[in-house]
Amino acid sequence: MKLNSKLYREMEKHFPKVEKLFSEKLMARFLQTPASRLRGYNFGLGTMIRLKLLRPQNILYKKFIKHGLTDTEEMTMKIIVEFHHYISQKGPTA
C-alpha cells in the first residue's frame, strides 16, 4: 500500500508519541537498524503502538481503515517504517 499524503500527515502527528516510547539507548539501536530488519520492532514497540495509538476510536486508526488497511500489525509496521525514515532524516536534536 502506497501511503496517501493525508494518512502520512496524520501518522506524522503521532511521531512525537512514538518517540516517547524510546529510551536513549533503544533509539540509538533503532537508528542503526536497517529498514529490512525493522520487523523485529513489531513486538515490544509495536505492541505499545497498538495499545496507545491504534485504538478503534483513534483518528489514526480510522484513517488507516478508510484507506483500506485493516490489520493492526500491518498498520504498526507502516508506522514503524515511516517513523524510522522520519527520525533518520530528522537528525540530532538540541
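We number each residue from 1, following the sequence as shown. Worth saying up front: this structure is predicted, and the values here are computed from it rather than measured.
Using a 4.5 Å cut-off on side-chain heavy atoms (C-beta onward), Met27 and Glu19 make contact. Residues Asp71 and Phe64 fail the side-chain proximity criterion, which asks for heavy atoms closer than 4.5 Å. His14 has its side chain within reach of Asn58: a pair of non-hydrogen atoms, C-beta onward, lies under 4.5 Å apart. Here the side chains of Ile79 and Leu60 are in contact, with some heavy-atom distance below 4.5 Å. You'll find the side chain of Phe22 stays beyond 4.5 Å of the side chain of Ile87, heavy atoms only. Looking at Gln32 and Arg29, their side chains never come closer than 4.5 Å, going by heavy atoms from C-beta outward.
Note that CD of Glu12 and CG of Leu7 are 11.5 Å apart. Values are rounded to the nearest 0.5 Å. In this structure, NE2 on His85 lies 4.5 Å from CD on Gln89, to the nearest 0.5 angstrom. Interatomic distance, Asn4 CG to His67 NE2, rounded to the nearest 0.5 Å: 3.5 Å.
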Please report, to 0.1 Å, the donor-acceptor pairs under 3.5 Å made by any side chain of residues 48-55, with sequence neighbours excluded.
| unit_1 | atom_1 | unit_2 | atom_2 | d |
| --- | --- | --- | --- | --- |
| Arg50 | NH1 | Asn42 | OD1 | 2.9 |
| Arg50 | NH1 | Gly46 | O | 3.4 |
| Arg50 | NH1 | Thr76 | OG1 | 3.2 |
| Arg50 | NH2 | Asn42 | O | 3.0 |
| Arg50 | NH2 | Thr47 | OG1 | 3.4 |

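The minimum heavy-atom distance between Lys63 and Lys6, with the atom names listed, is CD-O, 4.4 Å.
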Pair Met77, Val81 - check side chain to side chain contact (heavy atoms under 4.5 Å, CB included), show working. CA-CA 6 Å; Met77 282 311 303; Val81 168; 4.3 Å; yes
Decide yes or no on ring-ring contact (aromatic ring centres under 6.0 Å, His included) for Tyr41 and Phe83, but give the supporting numbers first. CA-CA 12 Å; Tyr41 287 92; Phe83 178 72; over 10 Å; no
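In Glu24, the CD atom is not crowded: 12 or fewer heavy atoms of neighbouring residues, nucleotides or ligands sit closer than 6.0 Å.
Among residues two or more places apart in sequence or in another chain, the side-chain contact (heavy atoms from CB on, under 4.5 Å) test is passed with Pro34 by Ser36, Arg37. Every salt bridge (Lys or Arg N to Asp or Glu O under 4.0 Å) that Glu10 has, sequence neighbours left out, goes to Lys13.
The aromatic rings of His84 and Phe30 sit perpendicular to each other, their planes meeting at more than 60°, with 30° as the lower class boundary.
Ionic pairing of Glu73 and Lys78 is not present here: no N-O contact between side-chain nitrogen and carboxylate oxygen is shorter than 4.0 angstrom.
Ile59 and Tyr61 end up in different hydrophobic clusters when Ile, Leu, Val, Met, Phe, Trp and Tyr side chains are linked at under 4.5 Å.
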